[in-house]
Amino acid sequence: MQSAIKNLHLSTIEVLTEKIGKITDYQEANKILYALCGIDIFFRNQEDILTLSELLNPCFMVCERFDRREYGDFQTPSELSDSICLYLKGNNILPDVIIEPTFGKGSFVISALKYFNKLKEIYGVEIHEPYYWQTKFSILEYFINNQKLNKPKIFLYLNNVFQFDFRAIEKSIGTHNVLVLGNPPWVTNSELGSLKAQNLPDKSNFKALNGLDAITGKGNFDICEYIILMMIKLFSKCNGHMAMLTKNAVIKNLVYDLPKMNYNINNAVALRINAKESFDASVEASLFKCSFGRNNNQSAVSCKVSSLHTPNIVENTFGWVGDKFVSDMISYGKSKKYDGVSQYMWRQGIKHDCSNIMELEMLPTNKYRNGFGQEVDIEDEIVYGLIKSSDLNLPVISQHRKYVIVTQKTIGESTTYIEYRSPKLYQYLIENKHHFDQRKSSIYKNKPLFSIFGVGEYSFKPYKVAISGLYKRSTFSLILFVNDKPLMLDDTCYFLGFNNITEAIFVWAILNSVHVQKLLASIAFLDAKRPYTKDVLMRLDINQVACDMTYEEIVTFIKSLDEGMLVHINENEWMRFSLKDTQDYVGKNAKQSCLF
């Protein structure tokens with residue numbers, strides 16, 4: 001209550017002093033304030049009104065601070081909440097009932113009072129007590145300054161949204177038009193868990209992921225997404241709409257899950273906002289608006305994209321085309337014939353979660369330096385050149401700036417061999433064992449010492465074709481071996497491994513062709529944390545693209561390569577490769593001699 005009082009205008013404090021300054025009974029005070037502002041229960045008990053009496057004294061005006069991360073706290077500026085409510089009103093969304101599951105400082109509540117003059121009820125939940133009081137006093141101040149406006153009945157609850165029972169509200173709505181409105185926390189469950197926050201949902205696999213997906217990261221979800229799904233499940237059988245601010249990644253997930261989760265919504269729209277300007281957040285975000293109810297047309301499994309500033313201009317539509325999820329439904333039609341199943345298995349690079357120890361640089365003294373700046377004298381046998389996402393900026397890569405220690409050739413392989421084959425390296429790892437012990441991922445649990453993940457026989461192929469999962473560029477790099485050793489990639493990269501350079505060059509050229517590039521532009525989401533994932537890359541039908549390319553197109557693309565690399569490139573090899581039966585070609589070339 002302290003931080004709420006300090007934000008009030010002097011005129012509001014004067015009204016409070018005049019109306020209830022001498023009242024000591026909280027129920028009597030509540031009747032007076034209900035008449036003033038419509039809040040059903042302003043003071044919860046006798047202690048609240050006594051606290052107010054004390055706080056009206058200026059010496060109690062104290063600012064409270066808290067870690068905004070614990071709440072995923074990006075409070076909505078009033079200019080943005082006003083723009084959103086004005087947009088909704090302009091689209092003839094005129095609710096009788098508003099539900100705000102995390103109302104924060106109350107920007108959306110105040111904006112709703114401004115623009116929806118036929119409101120009957122407002123329900124809001126907030127976990128942070130200073131915000132709870134600030135919103136109450138903001139509503140009171142608003143109606144003191146606008147006494148003739150419609151006053152809906154307002155129910156505000158100090159509670160954890162994950163523990164609050166919304167079912168009574170859902171049952172009371174009846175035929176009223178409802179609007180679920182707000183800005184849920186922009187934070188993931190793992191981030192909240194690392195902060196030991198209390199406002200977490202029950203731990204559950206709410207998307208029914210398989211065990212490996214849940215362990216390796218797909219089980220991490222946005223709290224905002226969880227709250228939006230809660231609201232959809234509770235209120236989508238009512239008449240009305242939802243309008244929620246959230247990250248674009250959350251909106252993509254919601255639309256992706258539409259068919260299997262059977263959500264009762266349609267006419268989804270993502271209206272882009274400037275999150276940097278409004279929240280000082282470096283993330284792509286939008287207002288997600290949808291209608292409650294079901295229909296059977298395409299709008300039920302797609303989402304239009306516009307800007308909140310120009311909502312009538314549709315920039316793009318993403319969603320489901322048959323059984324394919326695409327980022328651009330219009331351009332996808334021109335490339336969909338290449339959207340199938342990759343004949344090659346895409347792999348992710350090595351994951352170790354211990355970069356300061358496992359990743360090294362070479363010093364002029366021919367010794368290594370680790371991430372702590374320490375000089376390291378170790379054997380070279382299991383030290384390999386390392387390519388990271390930021391290094392994948394050239395068509396052909398045969399140099400590297402970093403090294404990585406590769407302790408295993410297969411997942412779960414014993415690492416005891418290191419002690420007698422590379423004793424200095426083993427001693428280095430033992431001295432830094434505490435860093436490995438601090439790794440939090442469960443993938444290392446009950447595994448051999450110094451275990452890594454994302455390693456297999458494919459990691460040691462001499463030639464690779466790779467792409468960064470993190471960057472927006474969709475070009476692929478051809479990776480060559482260095483000093484008779486294959487180059488490794490880190491876990492932000494995806495790659496195909498080859499024993500034969502001819503095959504590697506053909507696949508590299510195909511992946512950089514206009515056919516594949518157009519397809520990627522229509523199925524990859526560039527505003528995602530990882531635009532290019534294994535799921536996306538496994539959709540590239542390399543055989544089908546090869547069938548539609550000529551040898552002349554291949555030559556045009558690869559002619560800039562070093563002449564030594566082109567010795568085995570000829571039209572006969574291309575014809576063999578492109579005759580649809582890539583598996584035969586792969587089998588033939590796998591038998592050819594390689595470096596190992």
Side-chain angles (χ1 to χ4, degrees), residues 188 190 205-222 225 247-261 284 301-303 316-329 331-332 335-351 389 392 411 441 443 453-454 456 458-459 464-476 489-497 507 510-512 515-545:
T188 65
S190 64
N205 188 356
F206 82 108
K207 287 193 175 183
L209 297 171
N210 66 43
L212 183 61
D213 283 344
I215 288 172
T216 56
K218 290 185 179 180
N220 186 28
F221 58 88
D222 272 273
E225 181 179 353
K247 294 184 288 187
N248 287 0
V250 169
I251 300 174
K252 185 193 84 169
N253 290 344
L254 290 167
V255 179
Y256 181 86
D257 288 333
L258 278 172
K260 67 178 180 181
M261 302 299 280
E284 300 292 332
V301 290
S302 64
C303 181
N316 181 34
T317 303
F318 69 90
W320 289 93
V321 178
D323 62 348
K324 302 292 185 179
F325 191 66
V326 304
S327 59
D328 188 332
M329 297 175 77
S331 63
Y332 176 72
S335 305
K336 65 180 181 180
K337 67 181 292 188
Y338 306 119
D339 187 1
V341 178
S342 173
Q343 289 74 39
Y344 297 85
M345 180 60 69
W346 285 91
R347 304 289 186 176
Q348 200 167 348
I350 288 174
K351 178 179 177 65
S389 268
L392 292 175
I411 295 172
S441 176
I443 62 175
F453 201 73
Y458 50 83
S459 305
K464 298 181 176 78
V465 176
I467 186 172
S468 165
L470 298 180
Y471 293 93
K472 294 184 179 182
R473 58 177 180 259
S474 58
T475 51
F476 295 81
L489 293 108
D490 76 2
D491 66 332
T492 66
C493 307
Y494 298 87
F495 70 93
L496 302 174
V507 172
I510 289 168
L511 290 172
N512 284 301
H515 306 297
V516 171
Q517 293 300 306
K518 285 183 176 180
L519 175 61
L520 283 173
S522 68
I523 65 175
F525 289 80
L526 298 186
D527 55 2
K529 186 176 181 180
R530 291 197 182 206
Y532 305 103
T533 63
K534 180 175 180 177
D535 288 343
V536 169
L537 297 168
M538 285 301 297
R539 292 168 63 174
L540 305 179
D541 189 339
I542 293 173
N543 272 3
Q544 186 61 57
V545 179

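This one's a predicted model, so the numbers in the text were calculated from it and none came from an experiment.
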**Asked** What is the distance from atom NZ of K337 to atom CG of L519, rounded to the nearest 0.5 Å?
**Response** 12.0 Å
**Asked** Counting N and O atoms only, with roles assigned by atom type, does the side chain of S327 sit under 3.5 Å from a partner on the main chain of S522, one being a donor and the other an acceptor?
**Response** yes
**Asked** Okay, side chain of N512, backbone of T475: is any donor-acceptor separation there less than 3.5 Å?
**Response** no
**Asked** Of the non-hydrogen atoms in Y338 and H515, which two are nearest, and what is the gap between them?
**Response** OH-ND1, 3.5 Å
**Request:** State, to 0.1 Å, how close S342 and I542 come at their nearest heavy-atom pair, and which atoms those are.
**Result:** OG-CD1, 4.4 Å
**Message:** Ignoring hydrogens, what is the shortest heavy-atom contact between W320 and P259? Give both atom names and the distance.
**Reply:** NE1-CD, 3.3 Å
**Request:** Before giving the answer on side chain to side chain donor-acceptor pair (under 3.5 Å), spell out for T533 and D535 the whole-Å C-alpha distance, their side-chain angles and the decisive distance to 0.1 Å.
**Result:** CA-CA 5 Å; T533 63; D535 288 343; 4.9 Å; no
**Prompt:** Of all heavy-atom pairs between S389 and C493, which one has the smallest distance, and what is that distance?
**Reply:** N-SG, 3.6 Å
**Message:** Among residues at least two apart in sequence or on other chains, which ones pass side chain to side chain donor-acceptor pair (under 3.5 Å) with D339?
**Reply:** Y332, R539
**Request:** First locate atom CZ of F318, then atom OG of S302, and finally report the distance between them rounded to the nearest 0.5 Å.
**Result:** 8.5 Å
**Prompt:** Is the backbone N or O of L540 less than 3.5 Å from a side-chain atom of Q343, with the two atoms forming a donor-acceptor pair by type?
**Reply:** no
**Prompt:** Any idea which heavy atoms bring L511 and Q517 closest together, and the distance?
**Reply:** O-NE2, 3.0 Å
**Side chain to side chain, W346 and L496, heavy atoms closer than 4.5 Å** = yes
**Message:** K534 vs Q348, test: side-chain contact (heavy atoms from CB on, under 4.5 Å). Steps then yes/no.
**Reply:** CA-CA 8 Å; K534 180 175 180 177; Q348 200 167 348; 5.9 Å; no
**Request:** Enter the distance from S468:OG to R530:CZ here, rounded to the nearest 0.5 Å.
**Result:** 8.5 Å
**Item:** Spacing of L489 atom CG and I467 atom CD1 [to the nearest 0.5 Å]
**Value:** 12.0 Å
**Prompt:** Heavy atoms, side chains only, cut-off 4.5 Å: are F325 and K252 in contact?
**Reply:** yes
**Polar side-chain atom of K247 near backbone of A528 as donor-acceptor pair, under 3.5 Å** = no
**Any I251 side-chain heavy atom under 4.5 Å of Y256 side chain** = no
**Fill in**
Correct closest heavy-atom pair for L526 and P531 would be O-CG, 3.9 Å
**Request:** Check step by step if ring pair (Phe, Tyr, Trp, His ring centres under 6.0 Å) holds for Y494 and Y532.
**Result:** CA-CA 8 Å; Y494 298 87; Y532 305 103; 9.1 Å; no
**Asked** Do M261 and L254 touch side chain to side chain, with heavy atoms closer than 4.5 Å?
**Response** no
**Prompt:** Is the NZ atom of K336 crowded by more than 12 outside heavy atoms at less than 6.0 Å?
**Reply:** no
**Asked** Does atom NZ of K518 have more than 12 heavy-atom neighbours, drawn from other residues, nucleotides or ligands, at distances under 6.0 Å?
**Response** no
**Prompt:** Less than 4.5 Å apart, any side-chain heavy atom of V536 and any of I523?
**Reply:** yes
**Request:** Give a yes or no on whether the backbone of L470 and the side-chain of T492 come within a donor-acceptor separation of less than 3.5 Å.
**Result:** no
